[in-house]
Protein chains: 2
Amino acid sequence: MAYDTAIAALADPTRRALVERLRAGPQPVGVLADDLPISRPAVSQHLKVLSDAGLLEVEPQGARRLYRLAPRGLDELRAYLDGLWDDALSSFAARAREVAKGS
Amino acid sequence: MAYDTAIAALADPTRRALVERLRAGPQPVGVLADDLPISRPAVSQHLKVLSDAGLLEVEPQGARRLYRLAPRGLDELRAYLDGLWDDALSSFAARAREVAKGS
DNA sequence: ACTTACGGTAAGTCATGGCTTACGACACTG
DNA sequence: CAGTGTCGTAAGCCATGACTTACCGTAAGT
């Protein structure tokens, strides 16, 4: 049950916006804060949440800190959703059979 | 960008608990409320959020309403995370190559 | 028709969390 | 060793949303 922190982290639109910026590659905090309508400390707080969820990794480069996407946290979340997906499909198929029989 | 409602819905622990109950099969509201530490109206509100996100479907059966897992909302969410996963892997691989070269 | 059961909606309360400003720690440059 | 730039943390404010109780509509039973 470690996917809970990951999904909670990705539930926030601002944090998803940060993740979107990082899809192109690693970036420092200041650059991320520049094209977002919030302050730099707010960005730092969001980055901490994403890092704690295993979704980001940090690489200090001098005074700056490069954040990059990390597969770790995403892996658990995807595994959980895959399981859900299977059960949802089963439920859908069962319902389809009932309807086909004339309910 | 329709996965946002789905991920927001699944971010709540109580709603995930409801989804877990429904993995075994369709159930009416009262049964779901009985083995959860919250009131029945609260369950109704959560079920509405999950339904609006395309994660659940309703099937009225007389006075009762059966809720079941729906693949629809889950599909978009999985697709989004799959894309993220690819980019995270790329970033990870790029970083691994740099480290192998001696940073 | 009256009663009982099931469930959605309304209104109000309260905690969570996202944002701000202010401050401190650390690395580079002159 | 100042001075500057980058970033994390602390404290406080405020909106969002997850609950509650109260109420209403609807379906089935007697």
Side-chain angles (χ1 to χ4, degrees), chain A residues 1 3-22 25-70 73 77 103, chain B residues 1 3-22 25-70 73 77 103:
Chain A
M1 214 201 318
Y3 58 84
D4 58 343
T5 59
I7 198 170
L10 289 177
D12 184 79
T14 303
R15 282 196 285 266
R16 280 202 305 274
L18 283 171
V19 165
E20 287 304 317
R21 302 297 188 287
L22 291 175
Q27 284 186 354
V29 181
V31 175
L32 291 170
D34 279 342
D35 54 334
L36 281 184
I38 60 176
S39 69
R40 187 195 46 74
V43 171
S44 272
Q45 295 165 5
H46 283 306
L47 291 174
K48 173 168 175 49
V49 173
L50 289 167
S51 298
D52 289 345
L55 294 169
L56 299 184
E57 287 174 355
V58 203
E59 179 187 356
Q61 277 198 355
R64 303 199 298 184
R65 296 165 61 93
L66 278 183
Y67 283 86
R68 85 177 65 241
L69 289 182
L77 183 51
S103 168
Chain B
M1 213 200 321
Y3 59 85
D4 57 345
T5 59
I7 198 169
L10 289 177
D12 183 80
T14 302
R15 281 195 287 265
R16 280 201 306 275
L18 283 171
V19 165
E20 288 304 318
R21 301 297 188 286
L22 290 176
Q27 283 185 356
V29 180
V31 175
L32 291 170
D34 279 341
D35 55 332
L36 281 185
I38 60 176
S39 69
R40 186 194 46 75
V43 171
S44 271
Q45 293 165 7
H46 283 305
L47 290 174
K48 172 168 176 50
V49 173
L50 289 166
S51 298
D52 289 346
L55 294 170
L56 298 186
E57 288 174 355
V58 203
E59 179 187 355
Q61 278 198 351
R64 304 197 299 184
R65 294 165 64 93
L66 279 183
Y67 282 88
R68 84 176 68 241
L69 289 183
L77 182 51
S103 168

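Only this structure's heavy atoms are used, side chains among them; waters, hydrogens and symmetry mates stay out. Letters A, B, ... mirror the listed sequences (proteins, then strands); counts begin at 1.
Against DNA chain C, the stretch residues 38-52 of chain B makes heavy-atom approaches under 4.0 Å through B/R40, B/P41, B/S44, B/Q45, B/K48. Of the residues in residues 8-20 of chain A, A/D12, A/T14, A/R15 come within less than 4.0 Å of DNA chain C through at least one heavy atom, sorted by number.
Here A/I7 contributes atom CD1 and A/L55 contributes atom CG; the two are 11.0 Å apart, rounded to the nearest 0.5 Å. Separating the OH atom in A/Y3 from the CG atom in B/L10 is a distance of 9.5 Å, to the nearest 0.5 Å.
Evaluation of the side chain to side chain donor-acceptor pair (under 3.5 Å) test over residues 5-16 of chain A, restricted to residues two or more places apart or in two chains, returns A/R15-A/H46.
Annotation: side chain of A/L47 is in contact with side chain of A/L56 (closest heavy-atom distance under 4.5 Å). Within the 4.5 Å cutoff, the side chain of B/S51 has heavy atoms near those of the B/Y67 side chain.
In this structure, A/A8 and B/A11 approach most closely via the heavy-atom pair CA-CB, 4.4 Å.
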Determine all donor-acceptor pairs shorter than 3.5 Å in which one atom belongs to a side chain in residues 36-44 of chain A; sequence neighbours excluded.
from: A/S39; atom 1: OG; to: A/A42; atom 2: N; distance (Å): 3.4

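Using a 4.0 Å cut-off between charged side-chain N and carboxylate O, B/R68 and B/E59 make a salt bridge.
Nucleotides of DNA chain C with any atom under 4.0 Å from a heavy atom of chain A span, from 5' to 3', C/dG18 to C/dC28.
Remark: A/Q27 pairs with A/R21, A/L22, A/V31, A/L32 by the side chain to side chain contact (heavy atoms under 4.5 Å, CB included) rule, at least two apart or across chains.
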Steps toward side chain to side chain contact (heavy atoms under 4.5 Å, CB included) verdict (B/V58, B/L66): CA-CA 6 Å; B/V58 203; B/L66 279 183; over 6 Å; no
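Dashed line: the shortest gap from a side-chain N or O of A/R65 to OP1 or OP2 of D/dG8 is under 4.0 Å.
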